[in-house]
Amino acid sequence: MYRRAGRRGWYAFLDWEHKDISLGGTDDEEEAKAAFAELLKERRGILELASGETSLSAIFDMCRERAQTNHTPKTVYELHLNLSRVLTWLEGRGIASPRKVDKPLVEDYKTSRRFDGVSASRINRELDSWKKAMKLAVEQRCAQPRVLEKDVVFVKLREPRPEPHQAGLTRAHLERFFEHAGDAGYRALFRVVLGTAMRDEEVRHMAEGDLRKGAIVVTPKPPGACECCPDGWSTKGFRYRTIPVTKETLAAARQFLKAKGALNLDKKKVWKKLQAFRAAANKPTGKRRVRDPIPHFSLHDLRRAWASHMLDAGHKIQKISEWLGHADVLTTMRYLRVIDNELPKPETLPW
Ligand SMILES: [Zn+2]
């Protein structure tokens with residue numbers, strides 16, 4: 001708020017608008033103050049700027065300048081681009097003060113960028129730059145240190161996983177996948193899931209006593225049977241079920257039980273292993289690219305693949321549903337991936 005030389009009345013200068021705003025042409029300071037307060041109320045975020053606070057755009061400029069001294073031109077350019085984007089967005093919402101940056105605001109930014117169809121990695125890079133600038137703001141005592149604390153998450157977006165049904169795993173895919181599955185323990189785990197369609201939790205709780213000739217029985221465990229569940233463990237829906245398996249699957253189950261102690265079965269770790277094996281299987285040999293790359297899939301997709309392949313092998317859906325431990329065949333239907341638009345041959349029709 002200030003008076004301009006040679007002009008009547010009080011003015012305000014709003015940093016991000018880069019123009020003088022008349023406060024009603026009054027000479028009275030109190031009246032001007034009231035008008036200024038009104039203006040601030042209208043445009044959220046500039047309250048602190050009134051008392052000589054450094055604005056976000058000034059902080060961002062400082063950040064860019066600083067980057068120029070110790071980064072490559074490419075990095076500086078990237079930073080410039082990211083900060084400009086963030087700043088435009090902030091200014092669009094009337095935010096000019098570093099103090100106004102908080103968790104909901106950052107979350108809003110993520111959501112709105114996501115809504116624009118921007119990729120997660122792109123947004124993460126923007127947030128990275130923003131965080132860098134906020135670090136500087138904290139250093140300059142323009143923002144509170146809590147803006148960098150855990151509850152304001154600047155960088156943590158992941159590309160959404162593909163829809164499960166997109167992962168149509170063929171026999172060829174799976175054979176290639178297991179050829180390239182290097183780590184024997186994890187390989188055995190994946191092989192068991194493919195051969196039994198057991199759920200994640202069920203494989204973890206499988207014991208030596210559950211292995212039979214030609215079958216694996218999914219069995220609830222009494223209290224004390226495992227460290228993770230002191231009150232005992234039960235399958236989903238308390239359904240004991242006997243799953244028919246091949247010799248290879250049984251062998252994999254034995255191998256998994258043997259290796260289990262040394263494996264890290266943390267969900268994230270298992271996911272990473274699965275993706276590493278997949279990447280290895282999709283890696284081009286020499287200059288030739290893999291012809292039919294294995295699509296992105298999850299551990300649960302192996303369960304879906306099992307169901308689809310069992311159907312292809314001629315097993316009835318009611319039985320498949322039972323082996324999967326589903327209460328309802330409708331659930332099983334959602335698992336299956338049937339790509340078959342052809343009419344059946346007339347001789348297969350009973351009447
Ligand atoms: Zn347990």
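Given the structure is predicted, the values throughout are model-derived calculations rather than measurements. As a basis for the values below, the full set of heavy atoms in this structure was taken, side chains included, without hydrogen atoms, waters or symmetry mates. Start at 1 and go down the list; that is how both ligands and their atoms are numbered.
Across all their heavy atoms, Ile216 and Ala253 have their closest contact at CD1-CB, 3.9 Å.
Taking the six-membered ring for Trp and the full ring otherwise, the centers of Phe297 and Phe177 sit less than 6.0 Å from each other. Between Phe190 and Phe277, a ring centre-to-centre spacing shorter than 6.0 Å is recorded.
Using a 4.5 Å heavy-atom cutoff, the side chains of Lys213 and Leu250 are not in contact.
Near-neighbour remark for the Zn ion (ligand 1): protein N, O or S atoms under 2.8 Å are His205 NE2, Cys226 SG, Cys228 SG, Cys229 SG; waters not counted.
Hydrophobic cluster of Tyr77: the remaining members, joined at side-chain heavy-atom separations below 4.5 Å, are Leu81, listed by chain and number.
Ring pair His205/Trp233 is parallel by interplanar angle, where below 30° counts as parallel and above 60° as perpendicular.
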